[in-house]
Amino acid sequence: MAIRNVYKIGKDDEILRKHSKVVKEFDERLWQLLDDMKETMDKNRGMGIAAVQVGVLKRVVIIDCNNMFVELINPEIIASSGSDIDTEGCLSVTKIRGFVERPMNVTVKAQDRYGYDFTLSGEKYLARVLCHEIDHLDGVVFTDKMIRECGEDE
């Protein structure tokens, strides 16, 4: 495993704003990417990271939220409901936190590291993290959807 550099908005917009490609090969290279992403996310104390944030334009996301670690390959939101406004931050957007409106509930269809299909439903914070990371795969960062920046006491 290796810790990879996290790409930053402002400096690395050229890659962070691109659409990631569908994963077709479920092999050792993918597994290495997933393992490296986990180590990178943990080192940076993140709750999720997308492959594009480490410079790889593949539809790959990992999340460590609510005492649950999950790898999502080719994730797609297939259902959402409700609305929730809360704060977000991002490993690729340093020094800014802001309020973003997201669905209260989402269901995501994805594949695991071996190519097997699964669905995952989440509410409140897990729904927020899923939406945030999947947005990265389409070149969207939370500041694009931010209602307002957080104050020092928020």
Side-chain angles (χ1 to χ4, degrees), residues 1-23 33-110 112-113 118-154:
M1 294 195 309
I3 295 171
R4 298 191 184 203
N5 290 327
V6 177
Y7 284 57
K8 308 287 184 192
I9 280 293
K11 178 181 160 214
D12 302 305
D13 287 359
E14 187 174 320
I15 191 156
L16 288 169
R17 295 300 189 171
K18 289 189 177 181
H19 287 256
S20 297
K21 297 180 177 100
V22 171
V23 172
L33 171 63
L34 288 162
D35 294 343
D36 290 355
M37 288 171 61
K38 172 81 164 96
E39 191 168 347
T40 302
M41 180 184 68
D42 289 347
K43 177 187 179 281
N44 289 281
R45 292 187 267 154
M47 299 186 85
I49 194 167
V52 65
Q53 291 179 271
V54 295
V56 178
L57 287 171
K58 297 283 185 183
R59 296 191 75 78
V60 175
V61 164
I62 63 170
I63 291 172
D64 194 348
C65 178
N66 298 343
N67 296 313
M68 176 181 65
F69 175 75
V70 63
E71 300 171 335
L72 299 107
I73 317 302
N74 301 321
E76 175 186 347
I77 296 171
I78 57 172
S80 65
S81 64
S83 177
D84 179 53
I85 297 174
D86 207 340
T87 59
E88 293 187 22
C90 182
L91 298 177
S92 292
V93 183
T94 55
K95 301 178 184 172
I96 295 175
R97 291 189 55 78
F99 288 92
V100 179
E101 183 175 8
R102 301 279 188 187
M104 178 62 84
N105 302 286
V106 297
T107 300
V108 174
K109 177 178 78 168
D112 67 13
R113 67 168 50 211
F118 70 95
T119 59
L120 173 66
S121 294
E123 64 180 318
K124 183 67 175 155
Y125 204 68
L126 179 56
R128 175 169 302 282
V129 175
L130 285 163
C131 291
H132 177 109
E133 297 306 332
I134 292 170
D135 272 354
H136 275 297
L137 303 179
D138 295 318
V140 176
V141 295
F142 85 94
T143 54
D144 298 336
K145 296 182 173 188
M146 188 169 66
I147 297 166
R148 69 176 174 85
E149 197 169 331
C150 291
E152 289 182 26
D153 59 339
E154 295 180 284

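When Lys145, Arg148, Arg97, Arg102 are each tested for a salt bridge (Lys or Arg N to Asp or Glu O under 4.0 Å) with Glu88, only one passes: Arg102. Partner Lys38 forms a side chain to side chain donor-acceptor pair (under 3.5 Å) with one of Asp42, Thr40, Asp35 and no other, that one being Asp42.
Interatomic distance, CD1 of Ile147 versus OG1 of Thr87, reported as 11.5 Å (0.5 Å rounding). Interatomic distance, CD1 of Ile77 versus CG of Leu130, reported as 7.5 Å (0.5 Å rounding). Distance check, rounded to the nearest 0.5 Å: CZ of Arg17 to CG of Asp144 gives 4.0 Å. To the nearest 0.5 Å, atoms NZ (Lys18) and CG (Leu137) are separated by 15.0 Å. Here the CE-CD1 distance, from Met37 to Ile62, works out to 5.0 Å after rounding to the nearest 0.5 Å. Rounding to the nearest 0.5 angstrom, the gap separating the NE2 atom in His136 from the OG atom in Ser92 is 5.5 Å.
The two residues Val60 and Leu33 make their nearest non-hydrogen contact at CG2-CD2, 4.3 Å. Gly48 and Leu91 make their closest contact through O-CD1, 4.0 Å (heavy atoms, listed as atom of the first residue, atom of the second, distance). In this structure, Cys131 and Pro103 approach most closely via the heavy-atom pair SG-CD, 3.8 Å. Annotation for Val54 and Tyr7: closest pair C-CE1, 3.5 Å, computed over non-hydrogen atoms. The two residues Ser20 and Val52 have their closest heavy-atom pair at OG-CB, 3.9 Å. When all heavy atoms of Asp36 and Ala2 are compared, the pair lying nearest together is OD1-N, 2.8 Å.
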Worksheet item: Are Glu71 and Asp112 close enough, and set up right, to give a side-chain contact (heavy atoms from CB on, under 4.5 Å), and what steps lead you there?
Response: CA-CA 6 Å; Glu71 300 171 335; Asp112 67 13; 5.9 Å; no
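You'll find the side chain of Leu72 stays beyond 4.5 Å of the side chain of Glu133, heavy atoms only. Under the 4.5 Å side-chain criterion, counting only non-hydrogen atoms from C-beta, Ile49 is not in contact with Arg4. Side-chain contact between Cys65 and Arg128 is absent, with no heavy-atom pair separated by less than 4.5 Å.
Around atom OH of Tyr125, no more than 12 heavy atoms belonging to other residues, nucleotides or ligands sit under 6.0 Å away.
Scanning for side-chain contact (heavy atoms from CB on, under 4.5 Å) contacts around Glu76 gives Ile78, Lys109, with sequence neighbours left out. Lys124 is linked by a side-chain contact (heavy atoms from CB on, under 4.5 Å) to Asp84, Asp86, Met104, counting only residues two or more places apart in sequence or in another chain. Legend: residues meeting side-chain contact (heavy atoms from CB on, under 4.5 Å) with Ile96, ordered by chain and number and at least two apart, are Val93, Phe142, Thr143, Met146, Glu149.
Here the side chain of Asp12 pairs no donor or acceptor atom with the backbone of Ile9 at under 3.5 angstrom.
Salt-bridge formation is detected for the pair Arg59/Asp138: a Lys NZ or Arg NE/NH1/NH2 atom is positioned less than 4.0 Å from an Asp or Glu carboxylate oxygen.
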